Amino acid sequence: MNKKIISIGCDHAAYNLKLKVIQHLKEKGWEVLDVGTDSCDSCDYPVFAQAVCQNIQNGVTELGILICGTGIGMSMAANKHRGIRAAACSDTFSARLTRLHNNANVLCFGERVVGMGLALDLVDNFIETEFEGGKHQKRVDMITAIEEYEAKKA
Ligand code: RB5
């Protein structure tokens, strides 16, 4: 990464885990842009997915983290945004490989799925791995081409 700055968001189901993740990232020297939510009060996860994705689209951060109950709703919402490749992960191999091969720019996971120790390992694997490029670039470009084709239909 060029700059150690990352955007993070969650819904009510993941507020407590998000606080731990933020603390962990800060201890590792990352600047963290927290887009909310700010409590365990019920809220709608797409709002926070959009805020993290917009930070990436606007070039404020290269990477983002989105946490909800499962990580699934967040990843679905995030992947509706142009240029966003969000991966819902609950194992460290996938969190590493989605950077290496898919050039994922958003990591999603669920507080109701992973414990704190695994969550922090997911984060570490994600932020410490760079995209491998090479043959994988062509495939990522093909994902972008699908995105552009769909945008033209709208
Ligand atoms: C909220 O209850 C829950 O649906 C949400 O956090 C998430 O798991 C959705 O995918």
Side-chain angles (χ1 to χ4, degrees), residues 1 4-28 30-129 131 139-140 142-144 146-151 153-154:
M1 281 304 110
K4 286 173 88 169
I5 176 168
I6 193 160
S7 188
I8 189 166
C10 71
D11 72 357
H12 56 282
Y15 177 65
N16 290 314
L17 183 56
K18 183 182 73 172
L19 296 182
K20 305 275 187 206
V21 171
I22 291 173
Q23 184 190 352
H24 179 72
L25 285 164
K26 286 184 174 170
E27 282 168 10
K28 295 197 131 210
W30 284 72
E31 185 182 338
V32 183
L33 297 184
D34 180 6
V35 304
T37 189
D38 300 319
S39 76
C40 293
D41 294 345
S42 184
C43 63
D44 302 318
Y45 58 81
V47 172
F48 306 99
Q50 186 169 36
V52 163
C53 292
Q54 284 176 343
N55 276 339
I56 295 172
Q57 289 174 324
N58 295 334
V60 180
T61 71
E62 286 180 47
L63 297 180
I65 296 174
L66 288 166
I67 322 171
C68 60
T70 59
I72 296 171
M74 282 294 198
S75 65
M76 288 181 171
N79 279 319
K80 296 296 177 191
H81 295 78
R82 280 191 96 171
I84 298 301
R85 292 173 299 279
C89 297
S90 52
D91 68 274
T92 54
F93 181 78
S94 299
R96 186 166 61 83
L97 266 285
T98 201
R99 288 284 304 130
L100 210 54
H101 287 191
N102 314 125
N103 201 13
N105 47 15
V106 178
L107 172 68
C108 305
F109 51 88
E111 178 170 338
R112 295 171 182 166
V113 180
V114 301
M116 189 185 73
L118 178 53
L120 302 185
D121 277 355
L122 294 175
V123 168
D124 287 347
N125 274 273
F126 188 76
I127 61 176
E128 288 165 12
T129 307
F131 179 48
R139 296 162 187 163
V140 172
M142 289 170 75
I143 296 174
T144 306
I146 294 170
E147 192 175 78
E148 284 165 4
Y149 174 76
E150 288 296 319
K153 285 203 305 196

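The first residue in the sequence is number 1, and the count goes up from there. Counting convention: from 1, in listed order, for ligands and their atoms alike. Keep in mind that this is a model prediction, so the values were computed, not measured.
- If you look at C68 next to ligand 1, the close heavy atoms, those under 4.0 Å, come from the backbone and the side chain alike.
- At least one protein heavy atom sits closer than 4.0 Å to atom 10 (O) of ligand 1.
- The only option from K18, K26, Q23 that meets the side chain to side chain contact (heavy atoms under 4.5 Å, CB included) definition with V32 turns out to be K26.
- Residue I72 has no N or O atom closer than 3.5 Å to an N or O atom of ligand 1.
- Below 4.0 Å from some heavy atom of G69 lie the following atoms of ligand 1, by number and element: 5 (C), 6 (O), 7 (C), 8 (O).
- For CG of D91, the number of neighbouring non-hydrogen atoms (other residues, nucleotides, ligands) closer than 6.0 Å is greater than 12.
- In this structure, R112 has a heavy atom closer than 4.0 Å to ligand 1.
- Here the closest heavy-atom approach between residue V35 and residue F48 is recorded as O-CD2, 3.6 Å.
- At a 4.0 Å heavy-atom cut-off, ligand 1 touches D11 through the side chain alone.
- Against a heavy-atom cut-off of under 4.0 Å, H12 is close to the following atoms of ligand 1: 1 (C), 2 (O).
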Could you give me the CA-CA distance, side-chain angles and deciding distance for I127 and I6, then say whether side-chain contact (heavy atoms from CB on, under 4.5 Å) is met? CA-CA 9 Å; I127 61 176; I6 193 160; 3.9 Å; yes

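- Among all protein heavy atoms, the one lying closest to atom 8 (O) of ligand 1 is T70 N, 3.0 Å.
- If you number the atoms of ligand 1 from 1 as listed, the ones under 4.0 Å from a heavy atom of Y45 come out as 9 (C).
- Note: no N/O pair closer than 3.5 Å links A13 and ligand 1 by distance alone.
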Walk me through whether Y45 and T37 qualify under side-chain contact (heavy atoms from CB on, under 4.5 Å). CA-CA 9 Å; Y45 58 81; T37 189; over 6 Å; no

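- Closest non-hydrogen pair, A151 versus R82, comes out as CB-CZ, 4.4 Å.
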Start with the C-alpha distance between V52 and I8, add both sets of side-chain angles, then the distance that settles side-chain contact (heavy atoms from CB on, under 4.5 Å), and finish with yes or no. CA-CA 6 Å; V52 163; I8 189 166; 5.6 Å; no

